[in-house]
Amino acid sequence: MPVNPASCQGMAAGLAASPGTALQAVLFLFLLAEVSVCDIKSREIPDSLQAAIALLSLLHFSPLNLAGAFTALPYLLVALAGKGTGGIGGGDIKLAASMGTVLGLPASLAASVMGLSAFTVYGLICSFVRRLAGRPGRTAYPAGPFLAAGAAMAYFMEIGGWIV
């Protein structure tokens with residue numbers, strides 16, 4: 001896939017717009033990577049990482065970005081509807097809210113769609129492979145890495161001007 005120079009210039013301009021944006025980008029990616037590692041290892045996302053991500057919104061603050069926290073509501077509703085089934089956990093809900101404060105509502109929705117789509121495909125493939133191997137039954141997979149990947153993609157799409 002050829003690289004569009006105009007897209008790269010837009011992203012570079014977005015990062016250079018303020019020193020806070022560049023610092024926020026680096027820290028956001030680092031914290032999202034840490035969230036992924038923690039969720040894969042322990043199936044938990046520490047509250048300290050959630051708070052650190054939310055605090056990143058202060059580096060490039062916009063009051064409109066606070067509406068991005070509402071992206072967590074569908075996660076909360078799904079968790080409440082499936083209470084006791086081992087589905088979405090509190091860490092995933094808080095991750096969606098904290099990422100939302102950094103991304104804002106449009107980018108948070110894009111991040112959720114991308115992350116949950118990848119998570120669904122991964123889960124379907126893993127379930128198919130488990131059934132082929134003769135291991136029926138459900139198993140839990142960490143959603144944090146997929147939500148983090150969706151957030152990273154949405155963040156750079158937003159900086160590049162692809163999400164309005």
Side-chain angles (χ1 to χ4, degrees), residues 21-62 65-160 162-163:
T21 304
L23 180 61
Q24 184 186 54
V26 170
L27 293 174
F28 192 49
L29 289 178
F30 172 77
L31 290 170
L32 291 175
E34 192 65 28
V35 160
S36 298
V37 169
C38 288
D39 201 17
I40 290 169
K41 282 185 176 181
S42 66
R43 299 285 205 259
E44 288 186 16
I45 303 171
D47 288 341
S48 58
L49 290 176
Q50 314 281 8
I53 289 172
L55 287 173
L56 282 180
S57 66
L58 298 176
L59 287 174
H60 189 56
F61 183 74
S62 169
N65 278 13
L66 296 177
F70 288 113
T71 309
L73 287 177
Y75 294 86
L76 178 61
L77 294 174
V78 168
L80 291 174
K83 194 173 185 177
T85 62
I88 289 181
D92 300 323
I93 298 166
K94 291 182 277 187
L95 180 60
S98 63
M99 290 184 324
T101 62
V102 174
L103 296 171
L105 188 59
S108 291
L109 293 173
S112 286
V113 168
M114 290 185 285
L116 291 175
S117 295
F119 180 67
T120 301
V121 169
Y122 175 78
L124 289 172
I125 290 171
C126 287
S127 293
F128 181 71
V129 169
R130 285 178 61 82
R131 288 177 192 249
L132 283 178
R135 295 182 297 186
R138 299 171 70 179
T139 186
Y141 301 107
F146 296 96
L147 297 175
M153 288 187 288
Y155 187 82
F156 286 107
M157 287 171 65
E158 185 176 38
I159 287 175
W162 298 333
I163 297 177

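Residue numbers count from 1 along this sequence.
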>> Using 0.5 Å steps for rounding, measure from the CG atom of Leu95 to the CD1 atom of Ile45.
In response: 4.5 Å

> Atom CG of Leu103 and atom CG of Asn65: how far apart are they, to the nearest 0.5 Å?
Replying inline: 7.5 Å

> Looking at Gly144 and Val35, what are the two nearest heavy atoms and their distance?
Replying inline: O-CG1, 4.5 Å

> Quick one: does Ser112's side chain have a donor or acceptor within less than 3.5 Å of a partner on Leu109's backbone?
Replying inline: no

> Hey, is the main chain of Gly91 close enough, under 3.5 Å, to the side chain of Gln50 for a donor-acceptor pair?
Replying inline: yes

> When rounded to the nearest 0.5 angstrom, what is the spacing between OG1 in Thr21 and OH in Tyr155?
Replying inline: 5.5 Å

> What residues, two or more places apart in sequence or in another chain, satisfy ring pair (Phe, Tyr, Trp, His ring centres under 6.0 Å) together with Tyr122?
Replying inline: Tyr141, Phe146

> What closest approach, in Å, do Ala69 and Thr101 show between heavy atoms, and which atom pair accounts for it?
Replying inline: CB-CG2, 4.1 Å

> Does Ser42 use its side chain to pair, donor to acceptor, with the backbone of Asp39 at less than 3.5 Å?
Replying inline: no

>> What's the separation between atom CE in Met99 and atom CG in Leu32, rounded to the nearest 0.5 Å?
In response: 7.0 Å

> What is the minimum heavy-atom distance between Ser108 and Gly100, and which atoms define it?
Replying inline: OG-CA, 2.9 Å

> Between OH of Tyr75 and CG of Asp92, what distance do you get to the nearest 0.5 Å?
Replying inline: 8.0 Å

> Is Phe61 atom CZ crowded by more than 12 heavy atoms from other residues, nucleotides or ligands, each under 6.0 Å away?
Replying inline: yes

> Taking all atoms of both residues into account, what is the closest heavy-atom pair of Val102 and Ile53, and its distance?
Replying inline: CG2-O, 3.1 Å

>> Could you check whether any side-chain heavy atom of Phe128 comes within less than 4.5 Å of a side-chain heavy atom of Leu124, counting everything from C-beta outward?
In response: no

> Within the distance-only criterion (no hydrogens, no angle test), does the side chain of Arg130 pair as donor or acceptor with the backbone N or O of Thr139 below 3.5 angstrom?
Replying inline: no

> What distance do Ser36 atom OG and Leu31 atom CG have between them, rounded to the nearest 0.5 Å?
Replying inline: 11.0 Å

> Which pair of non-hydrogen atoms, one from Pro142 and one from Arg43, has the smallest distance, and what is that distance?
Replying inline: CD-NH1, 3.3 Å

